[in-house]
Amino acid sequence: MRKPIIAGNWKMNNTKAEAKVLIQELIPLVKNAESDVVICVPYTVIETAAALTKGTNIKVGAENVAWADKGAFTGEVSAQMLKEVGAEYVIIGHSERRQYFGETDDSVNKRTVQALKNGFTPIICVGETLDEREGGVTEQVCKRQIIGAYAGISASDAEKTVVAYEPVWAIGTGRTATSGQAQETISYIRGVLKELYGKTAEKVRIQYGGSMNPSNVSELMAQPDIDGGLIGGASLKAADFSKVVNYK
Ligand code: PGA
């Protein structure tokens, strides 16, 4: 059985002072969670978040990681730096990075390799745009992104990864994929992982992301291949995020 994993993606929100308030409110609300609970936060907040959540069931993640160990990469943050401040998870290839910051399947792969090499759990994001869904190429797009992300990665490493299927048209729009649409594509993605890794694909947790919230989480989580959620907007309020975490 795959243990559900609910992860918040704060994106570019919350100063240290704001983060402190939100995390302190969140800790007691999620302490009995049956799922893994992760908050992926801006770089400047990681150390604060790790200190506040120490000894709790909340783990902390970053929202990206450099593919190189160190050197002339202005604006990037290395895995070692992230580890030092207490991050254990890292989101890689979020659609906003692909859309606005030139992230490609190749750079997603390089960042994933680096995350695994340094003991992080990568949360690898894939998903089609509205044009791609309407053009009937959802499966091709997800397949290309998965094959790209996992190039050269062994089965024993793949087992440690988490995939987030996030249809771009459902992110921040309030327009959630139906549980049927989400299940269909996620089960397709598991099939692609099966082609790459055989039985190991059964162990990889695949989240749904895109306007997941307290009112749709139960139905989505009831689907056999949906193992969790990557939560943007609803992770910015302790009451909402804790309801998603405690969906059962
Ligand atoms: P959303 O974002 O929940 O606000 O749609 C999800 C994500 O981008 O990870």
Side-chain angles (χ1 to χ4, degrees), residues 4-14 18-19 22 26 30 35-43 45-46 49 58-65 87 89-103 108 111-112 115 120-130 132-133 138 141-142 145-146 149 161-179 181-183 185-186 189 205-221 223 226-247:
I5 172 168
I6 306 289
N9 172 13
W10 284 11
K11 309 192 179 185
M12 198 174 70
N13 292 292
N14 292 324
E18 290 163 343
L22 175 51
L26 188 63
V30 300
S35 316
D36 286 339
V37 184
V38 182
I39 50 173
C40 297
V41 304
Y43 294 133
V45 173
I46 293 173
I58 302 174
K59 301 284 188 198
V60 176
E63 299 176 15
N64 200 1
V65 61
Y89 289 74
V90 61
I91 296 174
I92 299 177
H94 189 278
S95 63
E96 286 149 17
R97 303 253 13 127
R98 295 180 190 257
Q99 207 177 334
Y100 308 132
F101 302 100
E103 203 74 67
V108 168
R111 294 183 197 279
T112 303
F120 285 83
T121 301
I123 300 177
I124 301 164
C125 302
V126 301
E128 80 288 0
T129 62
L130 186 58
E132 289 163 342
R133 175 154 286 260
T138 296
V141 169
C142 292
Q145 291 175 334
I146 290 286
T161 64
V162 174
V163 174
Y165 166 60
E166 301 202 301
V168 179
W169 47 272
I171 294 178
T173 57
R175 182 178 166 192
T176 322
T178 64
S179 53
Q181 283 172 324
Q183 165 59 28
T185 310
I186 287 178
I189 289 168
R205 293 181 292 179
I206 309 182
Q207 302 172 313
Y208 167 77
S211 301
M212 198 189 240
N213 60 48
S215 63
N216 57 32
V217 59
S218 307
E219 196 189 330
L220 287 158
M221 290 302 292
Q223 302 301 313
I226 303 184
D227 306 317
L230 186 57
I231 323 297
S235 73
L236 299 174
K237 291 206 176 96
D240 286 348
F241 188 58
S242 64
K243 280 184 202 143
V244 174
V245 167
N246 302 315
Y247 64 91

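In listed order, ligands and their atoms are each counted from 1.
- With hydrogens left out, the protein atom closest to atom 3 (O) of ligand 1 is Gly232 N, 2.8 Å, a heavy atom.
- Nearest non-hydrogen protein atom to atom 4 (O) of ligand 1 is Gly233 N, 2.8 Å.
- Atoms CG and NZ, from Asn213 and Lys237 in turn, are 11.5 Å apart once rounded to the nearest 0.5 Å.
- Side-chain contact between Phe120 and Ile92 is absent, with no heavy atoms from C-beta onward closer than 4.5 Å.
- Within the listing of ligand 1, atoms 1 (P), 4 (O), 5 (O) sit less than 4.0 angstrom from a heavy atom of Gly172.
- Taking 4.5 Å as the limit, every side-chain heavy atom of Arg98 sits out of range of all side-chain heavy atoms of Val168.
- Residue contact annotation: Gly209 has no non-hydrogen atom under 4.0 Å from ligand 1.
- Of all the atoms in ligand 1, the ones that sit under 4.0 Å from a non-hydrogen atom of Ser211 are 1 (P), 3 (O), 5 (O).
- There is no side-chain donor-acceptor pair under 3.5 Å between Tyr247 and Glu219.
- Under the 4.0 angstrom criterion for non-hydrogen atoms, Ala170 is in contact with ligand 1.
- Using a 4.5 Å cut-off on side-chain heavy atoms (C-beta onward), Val162 and Gln207 make contact.
- Residue contact annotation: Ala234 has no non-hydrogen atom under 4.0 Å from ligand 1.
- Taking every heavy atom of His94 and a limit of under 4.0 angstrom, the matching atoms of ligand 1 come to 7 (C), 8 (O), 9 (O).
- Counting heavy atoms under 4.0 Å from ligand 1, residue Ile171 touches it through both backbone and side chain.
- Looking at Glu166 and His94, their side chains come closer than 4.5 Å, going by heavy atoms from C-beta outward.
- In terms of protein heavy-atom proximity, atom 7 (C) of ligand 1 is closest to Glu166 OE2, 3.1 Å.
- Every atom of ligand 1 is numbered from 1 in the order shown, and the set under 4.0 Å from a heavy atom of Gly210 is 5 (O).
- Residue Lys11 qualifies as enclosed at atom NZ: its count of foreign heavy atoms under 6.0 Å is above 12.
- The side-chain heavy atoms of Cys125 and Ile91, taken from C-beta on, include a pair separated by under 4.5 Å.
- Atoms of ligand 1 found under 4.0 Å from any heavy atom of Lys11 (numbered from 1 in listed order, with element): 2 (O), 7 (C), 8 (O).
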